[in-house]
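What's counted below: heavy atoms across the whole structure, side chains too, no hydrogens, waters or symmetry copies. Here is the naming used below: chain letters follow the sequence lines, and residue numbers restart at 1 for every chain.
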Amino acid sequence: MGGAYLAKKLLHAFFTLLFVLAFNFFLFRVLPSDPVSINARSQRLTETDIQEQLENFGLLEPLPTQFVRFLSNTAQGDFGLSFRTGQPVTEAIAARIWPTVLLVGLSTLLSTFFGVLIGIKGAWQRGSAFDNTSLFGSLIFYSMPEGWLGMILILVFVGWLGWFPAGGYTSGTETGFAHIVDVAKHLFLPCLTLTLGYIGEYAIVMRSSLLEVKDEEFVATARAKGVKDTDVRRRHAVPNALLPTLTLVFYSFGFVLGGAIIIEYVFSWPGLGSLTYDAINELDYPLLQAIFLLTSTAVILFNLAADILYVYLDPRVGEN
Amino acid sequence: MKGVRRAIALGVVLWISGGTLMTGTASAQSSEPDQPVIYDLGIDSDVTSLNPWKLCCGWDYEYLELVYDVGITYSQEDLAAAPKIVTSWTPSEDHMSYTLKVRTDAVWQDGEPLTVEDVAFTFNFISKYDMPFFIGYFPFNPTFEVVDEETLIWRADKPMFSPEVPAYSMILPEHIWGQFDTAGDPPADGASKAELDAYEAKLKVGRTAAREFTNEHPIGSGPFLFDEYVKGQYMHFVANPDYWGGAPSVNDPTAIDEIYIRVYGNKEAMTQALKAGELDFADGLTPALFNSLEGVENIETHVADAGTWGDIAFNFGGQSGGKATNHPALQDLVVRQAIAYSIDKQEIVDKVFQGTAAVGDSVLTPGKNGSWYLDIPPELEYSYDPAKANQILDDAGYLDTDGDGVREMPDGTNPLKLEFIAINDVDGSVDTGLLMEGYLHDIGIEMQTTTVDTNKAYEIWGAGEFDALIWDWSPDPDPDFILSVFTTGECGGWSNGCYSNPEYDALYIAQKSALDRDQRAQIVNEAQTLVASDLPEIVLNYWSELQAYRTDTFTGYHPTPNVENGWLMLGYGTPENNYLELRAVTEDAVPAADASSGGLNWGLIAAIVVGGVAVAFVLMRRRGQGEEDEE
C-alpha cells in the first residue's frame with residue numbers, strides 16, 4: 001500500500017474536518033433567533049440586558065470576526081463557556097462522555113456482534129426456520145420507533161414487573177461495588193432498547209452480503225476441494241462478505257459519541273444526545289459547536305480507520 | 001461433549017460468584033441500621049444554574065429556597081408577604097421608607113453568622129448593579145441604611161409598596177459574594193459624561209462577573225445543605241442540623257434527612273417511577289398520565305391552580321421596526337367582541353385540556369392572585385353566542401359582499417382573513433387553534449394558522465408580524481406585573497400587541513401608587529374589568545398543575561396557598577411549609593432506591609443470562625459440527 005494512499009486519505013479527512021467546522025459555525029448563526037432573546041421573556045430581561053449579554057457572548061461583532069476568533073480558539077483547545085450555565089464547555093461535555101460511551105458503545109458492540117452472527121447463520125441456512133424468523137424479527141425491530149419500544153419496555157419491566165428503575169443513570173445513593181450494580185440496573189433497559197433497535201440493521205446487511213458471496217465461484221471451488229462447511233463459511237465466505245458490514249460497523253462506532261437522543265430522553269439518561277438537544281433549544285453556540293466537532297471528528301476518524309483497515313483486508317483497494 | 005460440559009461448568013461458576021457478590025451486597029444494605037429518611041421528588045426540567053443570579057425557570061426557586069433563605073417570603077395562607085430573615089417591615093407615613101427588622105439568630109452554612117450587613121449587601125448589590133429579574137422588586141433608586149444589628153432602613157425616591165409585594169430576594173453572604181462589588185461609589189453629582197460612562201462600564205463588569213460565578217458549593221442559610229448536583233439527573237440536599245428555624249430531622253426519626261430532586265426527560269417514565277415507588281412525588285403530569293393514576297393503590301392525585309392562563313392576544317400594530325402586519329379590523333372593539341362571542345371556552349377546556357383546566361375570565365387567577373382576583377360579573381362577560389357575534393358584525397357593516405363566506409371591511413375591501421400564531425411547545429396552543437378555526441369560520445372570519453416553536457414566536461411577536469397569538473401568561477402573586485403588560489409603555493417590551501388605552505394607563509399608575517390596600521384593590525378591579533371588556537386579549541382558561549404523590553411513604557402534605565387547589569409541593573411553597581412538615585409514614589422508611597429491585601436476586605438473573613448465552617453459543621457450534629458430519 002502506498003504512502004500516497006495513506007496521505008491522500010489523511011488529507012481528505014483533514015479537509016472534511018475543516019469544512020465541518022465552518023459549516024457548524026455558520027449553521028447556528030444563520031438560525032433566526034439568538035441565545036439571549038430566547039430567554040428574554042422568561043428571565044424578564046430588559047433591552048439593555050439583552051444588548052449587554054449579546055456583547056458578553058461576542059455576538060455583536062461581525063460574523064467574519066467571530067469566525068476567525070472561533071477558529072483560533074478551537075486550535076488552542078479553548079471551547080469557551082456555555083451560554084446557559086457559564087460552565088466551561090469541556091467540563092459540561094466531559095461529564096456526559098462516560099454515560100454515552102457506556103450506553104451507546106455497549107449497545108453498538110452488542111448489536112454489531114449479535115447482528116453479524118445472526119446474519120451469518122441466516123444467510124448460510126437460507127430459507128430455514130431460523131433464517132425466516134430472524135429476518136422477520138430484524139425487520140420488525142429495525143423499523144420499530146425506538147422511543148416507543150423503550151416506553152413499552154418501561155411499561156412492562158418497570159410498571160408491571162418492577163424489576164428496573166424508570167430512568168436515570170444512578171440513584172446516587174450507592175458507593176463502591178453497589179454503585180456498579182446500580183448503574184447496571186439503570187443501564188439494562190436503555191441498552192436493551194438500543195441493541196434491539198439496531199441489531200436488525202447489521203443482521204440484514206451481513207445476511208445479504210454473505211448471500212452474494214455464497215454464490216460466487218470461489219466458494220463452490222472450496223467446497224469441491226472438500227473443505228468442511230464451517231470452514232468454507234468461516235475462512236472463505238465470511239471474510240469476503242464482511243467488508244460492507246465493516247463499513248457499517250465503523251460508521252456506527254463513529255456515531256457513538258453523538259449519543260442517542262431519543263433513548264436518552266425516554267430513559268432520562270445523561271448522555272451527549274440529551275445535552276445536544278438541550279443546547280439546540282437554548283441556542284447554546286459554544287456547547288453545540290464543541291459537541292458537533294467532537295462527533296464529526298469521531299466519525300471522520302473511524303471512517304479513516306476503516307479506509308486504512310480495508311487496505312489490509314482487501315488487497316484490491318489502494319492499488320493504482 | 002467437552003464443549004457443553006465446559007459451558008455448564010462456566011455457568012455454574014459464574015452463578016456462584018456473581019450470586020454471592022450481588023446477594024451479599026444486597027443483604028449488607030438491608031441489614032444497615034438507621035437508614036436516613038430520603039424524599040424523592042420528580043420533575044421534568046432541570047434547574048438552570050447553581051448561581052442565584054441566573055435563576056428563572058423550572059424548579060430554580062425550589063433549589064433557592066432549600067439552600068438559601070429569602071428576606072421576605074410568601075405566606076402559606078394566601079401568598080401575602082411573610083417574615084423570614086426580615087421579620088417586620090414598617091412603612092413611614094409617606095411610604096417613602098420602610099423600617100425593616102432583621103433576625104439575629106440566623107447562621108450561614110459555613111458557620112459564619114448572618115447579619116444585617118448581609119441583608120443590606122444583597123439588596124444594595126441588586127439595585128446598584130441592576131441585577132436582572134430581582135431589580136423589579138427594588139424600584140425607585142432605593143438606598144439601604146444599617147441602623148443597628150437588627151434594623152435596616154429601606155428608602156426610595158417615590159412612595160412604594162415594595163417590601164410587601166413581597167420583595168422576593170434571597171439573602172447572600174457578603175463574605176462570598178462581596179468580591180463582585182468592584183465598581184466602587186458612583187461619581188458625584190455634576191460628573192462628566194466620561195466619568196459616568198466609566199462607572200457604567202465598571203458596573204457591567206461587576207454584574208457579569210457575579211452572573212458568571214459558577215457557585216459550585218452554594219453556601220446559604222437555608223434548611224438544607226447542598227450536597228451534589230448531577231446535571232440532567234438529580235440534585236441532592238441534606239438537612240441542615242443548625243438551621244435557625246429548627247431542624248426536625250435532628251430529633252425526629254421520621255423527618256426528612258435527605259432530598260433528591262430527580263429530573264426525568266420524559267413524563268411517562270416519571271409516572272412509572274412514582275408507581276414503582278422510586279419517587280414520592282411527581283409534578284407536571286400530562287392530563288392523560290394524571291387520569292391514568294386515578295384509583296391506583298397508594299397514589300393520590302391533586303389538581304393545583306397553575307397560576308397560568310391561556311389566551312388569544314390581538315395585535316394593534318405600531319411595533320418598532322415597522323414590520324407590523326396587523327389587520328385593521330382588529331382596531332374595532334366590535335370585531336374583537338364578535339370573536340370573543342364566537343369562542344366556546346368550555347369546549348376548549350374539555351377537548352384540549354381533557355377537563356383539567358378551568359374556563360378563564362380575568363387576567364389575574366383565583367389561585368395565585370388570591371383576593372386580588374376579580375370574578376368578572378356575568379353581565380360583563382362574553383359568553384358563547386355565535387348568533388350574537390354574527391349579528392353585531394352585520395350591524396357594524398362587516399358584510400360578505402362577494403358571497404365567499406368571508407366578511408369584508410365596511411367599505412367592501414380587505415376581507416377578514418386573520419393570521420394566528422400557534423406555538424407547538426405551549427400546552428394546548430395548537431389544538432386551541434384548530435378549534436378556533438371552526439369558531440371563526442362560523443362567523444365569517446377566515447383564520448390562517450402558522451405553527452412555530454417558542455423561539456420563532458418571540459421573533460414574530462417582536463416584529464408584530466401577526467394578527468393574534470395563542471399563548472399564555474403567568475402573573476406574579478402581586479398584580480403589578482401582569483397589569484403592566486397592557487400599558488402603552490410596554491409596547492416593544494411585555495405588551496403582546498401594543499394595546500394602547502390612556503384610561504387603562506391611568507388606572508395602572510393609580511394602582512401602583514395607591515397607599516391603601518383596599519383603595520388599591522378597587523383600582524385593580526377596575527383595571528381587570530377594563531381588560532375584560534375592551535379585549536386587548538381574551539383569557540381562555542386557567543391551567544392546572546397536575547401533581548401526584550404516594551400516600552404510603554410520606555404524610556403531612558398541605559397546599560400553598562391554603563385553598564383546595566393550592567400546590568402541595570413546589571410552586572410558592574417554602575420548606576417550612578412542605579419539606580420540614582412532611583413525615584415518613586413508618587419509622588424505618590426504606591430509601592426509595594431499594595424499592596425498584598423488587599426483591600430479585602440479581603446474581604441469579606445475571607448468571608442465568610450469561611449461562612444461557614454460553615449454552616446457546618455452544619449448542620450452535622455443536623449443530624454446525626453435526627451438519628458437517630452429515631455431509
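Between the B:T214 side chain and the A:Q87 main chain, no donor and acceptor come within less than 3.5 Å of each other. Using a distance-only test at 3.5 Å, with no hydrogens or angles considered, no donor-acceptor pair links the side chain of B:Q272 to the main chain of A:L155.
Residue contact with chain A, scored on non-hydrogen atoms closer than 4.5 Å, is absent for B:V205. Contacts between B:E268 and chain A at a heavy-atom distance below 4.5 Å involve the side chain alone, from C-beta outward. Interface residue B:E216: only side-chain heavy atoms are found under 4.5 Å from chain A. In this structure, chain A has a heavy atom under 4.5 Å from the side chain of B:Y234, while its backbone stays farther away.
Counting heavy-atom neighbours within 6.0 Å of A:L153 CG, excluding the residue itself, gives a total above 12.
For the atom pair A:S274 OG and B:N266 CG, the distance stands at 12.0 Å (nearest 0.5 Å). Residue A:E91 holds its CD atom at 12.5 Å from NZ of B:K231, rounded to the nearest 0.5 Å.
Counting heavy-atom pairs under 4.5 Å between each of B:A457, B:A273, B:S49, B:A269 and chain A puts B:A269 at the top.
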### Message
For B:E278 and A:S171: C-alpha separation, side-chain torsions, deciding distance, then whether side-chain contact (heavy atoms from CB on, under 4.5 Å) applies.
### Response
CA-CA 9 Å; B:E278 281 165 52; A:S171 40; over 6 Å; no

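The shortest side-chain heavy-atom distance between B:K275 and A:V158 does not fall under the 4.5 Å cut-off.
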